[in-house]
Amino acid sequence: MSNDRPTSTHWADINADKIIREKGPKEHYTCASGITPSGTVHIGNFREIISVDLVVRALRDKGEKVRFIYSWDDYDVFRKVPRNMPQQELLETYLRKPITLVPDVLGDSESYAAANEKNLEELLPVVGVKPEYIYQAAKYRNSDYAEGIKTALEHRDVIRRQLNESRTSDLPDDWYPVSVFCNKCDRDTTKVTGWDGDYGVSYTCESCGNEETVDLRKTPGVKLPWRIDWPMRWAYEGVDFEPAGKDHHSEGGSFDTARKTSKEVYGHEAPVTFQYDFISIKGRGGKISSSTGEVISLADVLEVYTPEVTRFMFAGTRPNTEFAISFDLDVLKIYEDYDKCERTYFNKPDNDKALKKWEKQARIYELSQVDEVPETMSYQIQIRYLSTLLQIFSGNVDRVIEFLGDVKPDQVDRLKARAACAWNWVKNFAPDDFTFSLRAEDASPIEVSEVETKALKLLAEKIEAHMDSCDEKEFSTHVYDVARELEIESGDFFPVVYRALIGKDKGPRLINFLYIIGKDKLLKLLGKY
RNA sequence: GGGCCGUUAGCUCAGCUGGUAGAGCAACAGACUCUUAAUCUGUGGGUCAAAGGUUCGAACCCUUUACGGCUCACCA
């Protein structure tokens, strides 16, 4: 990648420029993201990760070196047992303990947190996101943050003042900027009773009555509350950029206080940031009940959208705009938008005015790719058509490719990935009108009237006589001739044909559909009348 | 109460660093003996929420107002 690319107006590039401008020249820039794995990581959380990834790419495209870190806040407290989990009674005994100690009741991972972490970590490379993971439980339990915690204790009064500025009720005088997991029972139901001015913190546990003084350099149990933890880590890792959800970006919100703490306590200017909006879900009602607490994860999205198209939705939308990920008919449109963007990319205009529009689309296309930008276009095929083909060939992609005939070798993998998504969509989300399956060749004939029998017979004859020698348009006249010769309305004729073929009154546009099914199969299906 | 975001064609929105208002859908007209929101061609359509300001020039920058949404103030 080169430094001399034209100025881009894509938001990722604008933010990259901003980072360089505000943080000055650096050997490398640190971009951070992170969430708590205290539940299934959902697609809304993914927006943060992908947003950082896009900015990271923009920085790298400018020739900068970037460290992309992803912090798992797995030393968070287990506050509530999720409704949709088994073994509720067992899980209840872990309340107030760090989530990294809660067992994985759904699988065989080390812990509840680890299970959630693993699910996402395995999937992120699929969409081209490869951060360096930081596990906060491990860092805290290893006392890596001992100095940061000590610094917070030393600036206890400053921090209290900063937090009080945006609180309705002031923190008490005996407040300490730390929280402690009891050494005996692992719960955070503790009260800090003193600090020796150095590394010693005393506490009593309200659950088990334990009372002791621990050394920050040795204890696994002391951590910082969120609003202090965040700026401490900015300083610890030297974070230059980290976006956050709208819940953080408000006066008095956590980014606001963290900014102050970062500067005054840790001597680190807050990172460049932006606010990203929420993601909503469309077209999944009925399938997944929201009342069960089930959330839509990246894995769910990837069932229906290819990695490129998934990236495309995020790269093509400004972060502070709310948008919906659809599972209904909008899926067709999203794929069409992506294909249009791709065609644009491969058809660079030669006049300046068109070039300006082209550059924006081209940038979105580049950022949508999982790895490097392909040298050739994908096989352009609408999901609508692809799903018809798949249904005729019972989901067998190889036969679809064989039928299409003109798929180039370097397009096969991408087409297969798209077909897998299309097939999932047809099976799980497509409206009933959209789905069909061809009747088996040995199925018993449907019940038809005398004139309908004649119609099907005559259609078979037309197919036998003309299908091979006509193009679709020409052949269509022969099909209409059937209705005309028997003096039945086409509105009555079509449903019979569909019933004989797929057992429904409606189906894909008939002429094209007949060609896809092919002469041999048609004659077998219609031959029994 | 504070903050953030939004208000552009009938609908959904683009328009990102000030330079002749755009797309998709809808509508309308035409074509096709044609049902997966069917396809193709063409047309019409906006006081850019309102008012004021800066500027040679404002949808875009500033101020105020109205309406809508979100968010913070307990925890993360």
Side-chain angles (χ1 to χ4, degrees), chain A residues 7-15 17-18 21 34-36 38-39 73 75-80 96 99 136 163-171 179 188 223-230 244-258 274-278 280 282 316-324 328-330 332-334 336-337 340 353 356-357 360-361 363-364 382-385 387-388 391 426 430-436 472-473 475-484 489-491 493-495 497-498 502 504-514:
Chain A
T7 332
S8 161
T9 58
H10 191 277
W11 61 264
D13 294 311
I14 289 173
N15 278 285
D17 287 336
K18 192 177 175 193
R21 194 172 62 240
I35 60 154
T36 166
S38 59
D73 184 11
Y75 215 29
D76 196 14
V77 184
F78 188 55
R79 290 185 192 75
K80 218 171 89 185
R96 304 313 309 178
I99 52 178
Q136 285 200 63
L163 296 182
N164 280 346
E165 278 171 21
S166 46
R167 291 175 64 93
T168 41
S169 60
D170 282 357
L171 292 161
S179 65
D188 75 338
K223 63 169 285 202
L224 293 170
W226 163 249
R227 280 178 187 252
I228 306 158
D229 167 77
W230 206 11
K246 59 202 300 183
D247 46 341
H248 298 293
H249 272 281
S250 191
E251 193 162 293
S254 55
F255 197 97
D256 197 43
T257 60
F274 61 71
Q275 171 184 318
Y276 55 88
D277 212 314
F278 298 139
S280 57
K282 189 164 166 277
T317 311
R318 292 216 298 279
N320 63 350
T321 309
E322 186 178 343
F323 76 98
D328 58 13
L329 280 166
D330 285 353
L332 306 181
K333 187 177 174 342
I334 298 291
E336 274 172 42
D337 289 347
K340 190 174 171 190
K353 197 173 174 183
K356 197 174 176 186
K357 274 191 172 175
K360 185 63 166 286
Q361 287 302 306
R363 189 62 179 137
I364 291 173
Q382 290 193 358
I383 295 294
R384 180 191 301 278
Y385 182 45
S387 69
T388 301
Q391 292 184 81
V426 167
D432 291 343
D433 282 358
F434 223 94
T435 61
F436 65 86
E472 285 187 25
K473 192 166 171 99
F475 181 67
S476 69
T477 59
H478 295 297
V479 174
Y480 286 97
D481 281 344
V482 174
R484 193 165 42 205
E489 295 290 326
S490 62
F493 170 57
F494 280 80
V497 181
Y498 284 119
I502 59 175
K504 295 172 69 170
D505 286 340
K506 291 181 178 182
R509 289 171 60 84
L510 188 61
I511 308 304
N512 182 248
F513 190 44
L514 295 177

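- Shown here, B:rC28 forms a base pair with B:rG42; the pair counts as Watson-Crick or G-U wobble because both key distances fall under 3.5 Å.
- Atom NZ of A:Lys246 is separated from atom P of B:rU71 by 6 Å (rounded to the nearest Å).
- Going from atom CZ of A:Arg509 over to atom C1' of B:rU33 covers 13 Å, rounded to whole Å.
- Nearest-nucleotide positions on RNA chain B place A:Thr321 closer to the 5' end than the other of A:Phe434 and A:Thr321.
- Under the 30°/60° scheme for interplanar angles, the aromatic rings of A:Trp11 and A:Phe274 are found to stand perpendicular.
- Comparing the P positions of B:rC61 and B:rG6 gives an interatomic distance of 9 Å, to the nearest angstrom.
- Among the protein residues, A:Thr388 comes within range of the nucleic acid bases, having at least one heavy atom under 4.0 Å from a base atom.
- Separating the C1' atom of B:rA26 from that of B:rU43 is a span of 14 Å, rounded to the nearest Å.
- Ranking B:rU35, B:rC5, B:rU33 by closeness to the A:Tyr498 side chain, first place goes to B:rU35.
- Closest contact between the side chain of A:Lys340 and the listed nucleotides B:rA23, B:rC72, B:rU36 involves B:rA23.
- Partner assigned to B:rG1 is B:rC72, using Watson-Crick or G-U wobble distances below 3.5 angstrom.
- Side chain of A:Thr168, nearest nucleotide from B:rC34, B:rC74, B:rA76: B:rC74.
- Atom CG in A:Leu329 sits about 11 Å away from atom P in B:rA38, given to the nearest Å.
- Distance CD (A:Gln361) to P (B:rG24): 13 Å, rounded to an integer number of Å.
- Residue contacts shown for A:Ile14 include a base, since a base heavy atom lies under 4.0 Å away.
- Taking atom P in both B:rA49 and B:rC34, the straight-line distance is 45 Å, to the nearest Å.
- Taking the C1' atom of each, B:rU17 and B:rC60 are spaced 10 Å apart, rounded to whole Å.
- Using a 4.0 Å heavy-atom criterion, one finds that A:Gly507 contacts the bases of the nucleic acid, with or without backbone contacts as well.
- Relative to the side chain of A:Thr477, the nucleotides B:rC16, B:rC34, B:rU33 differ in distance, and B:rU33 lies closest.
- OP1 and OP2 of B:rA38 both lie 4.0 Å or more from every side-chain N or O belonging to A:Arg384.
- For the pair A:His248 NE2 and B:rC70 C1', the computed distance is 14 Å after rounding to whole Å.
- In this structure, A:Gln275 reaches the sugar-phosphate backbone alone: every heavy-atom distance under 4.0 Å involves primed, P, OP1 or OP2 atoms, never a base.
- Between A:Arg318 and B:rA14 there is no side-chain polar atom (N or O) within less than 4.0 angstrom of OP1 or OP2.
- Spacing of P atoms, B:rG45 relative to B:rU55, comes out at 35 Å, to the nearest Å.
- Ring-plane geometry between A:Phe436 and A:Phe513 is classed as perpendicular, the angle between the planes exceeding 60 degrees on a 0 to 90 degree scale with a lower cut at 30.
- Pair assignment for B:rA49 gives B:rU65, based on Watson-Crick or G-U wobble hydrogen-bonding distances that are each under 3.5 Å.
- The distance between atom CG of A:Asp337 and atom P of B:rG22, rounded to the nearest whole Å, is 20 Å.
- Across all strands shown, A:Asp73 has heavy atoms under 4.0 Å from sugar-phosphate atoms exclusively, and none from any base.
- In this model, no side-chain donor or acceptor of A:Lys333 finds a partner on the base of B:rC25 within 3.5 Å.
- With the nearest nucleotide of RNA chain B identified for both A:Gly252 and A:Phe513, A:Phe513 has the one nearer the 5' end.
- Looking at the side chain of A:Pro508, the nearest of the listed nucleotides B:rC72, B:rC34, B:rU36 is B:rU36.
- As judged by a 4.0 angstrom heavy-atom cut-off over every strand, A:Pro431 is placed among residues making no nucleic acid contact.
- A straight line from CD1 of A:Ile364 to C1' of B:rC13 spans 14 Å, rounded to a whole angstrom.
- Closest to the side chain of A:Phe278, out of B:rU71, B:rC74, B:rC75, is B:rU71.
- Taking atom C1' in both B:rG52 and B:rU47, one finds a spacing of 16 Å when rounded to whole Å.
- Look at B:rG18: it lacks any Watson-Crick or wobble partner with both distances under 3.5 angstrom.
- Atom name C1', nucleotides B:rA58 and B:rC16: the rounded distance is 15 Å, in whole Å.
- Atom P of B:rG10 sits at a distance of 28 Å from the matching atom of B:rA31, rounded to the whole Å.
- Taking every heavy atom of both residues into account, A:Gly252 and A:Ser166 meet most closely at CA-CB, 3.4 Å.
- Among the nucleotides B:rC74, B:rC75, B:rA73, the one closest to the side chain of A:Arg227 is B:rA73.
- Between the side chain of A:Arg167 and the base of B:rA73 there is no donor-acceptor pair of N/O atoms closer than 3.5 Å.
- Closest heavy-atom contact between A:Tyr498 and A:Asp505: CD1-O, 3.5 Å.
- The listed nucleotides are B:rC5, B:rU33, B:rA76; the one nearest the side chain of A:Asp481 is B:rU33.
- Regarding A:Glu251, its CD atom lies at a distance of 8 Å from the P atom of B:rC4, rounded to whole Å.
- Looking at heavy-atom distances under 4.0 Å, A:Ser166 makes contact with sugar-phosphate atoms alone, never a base.
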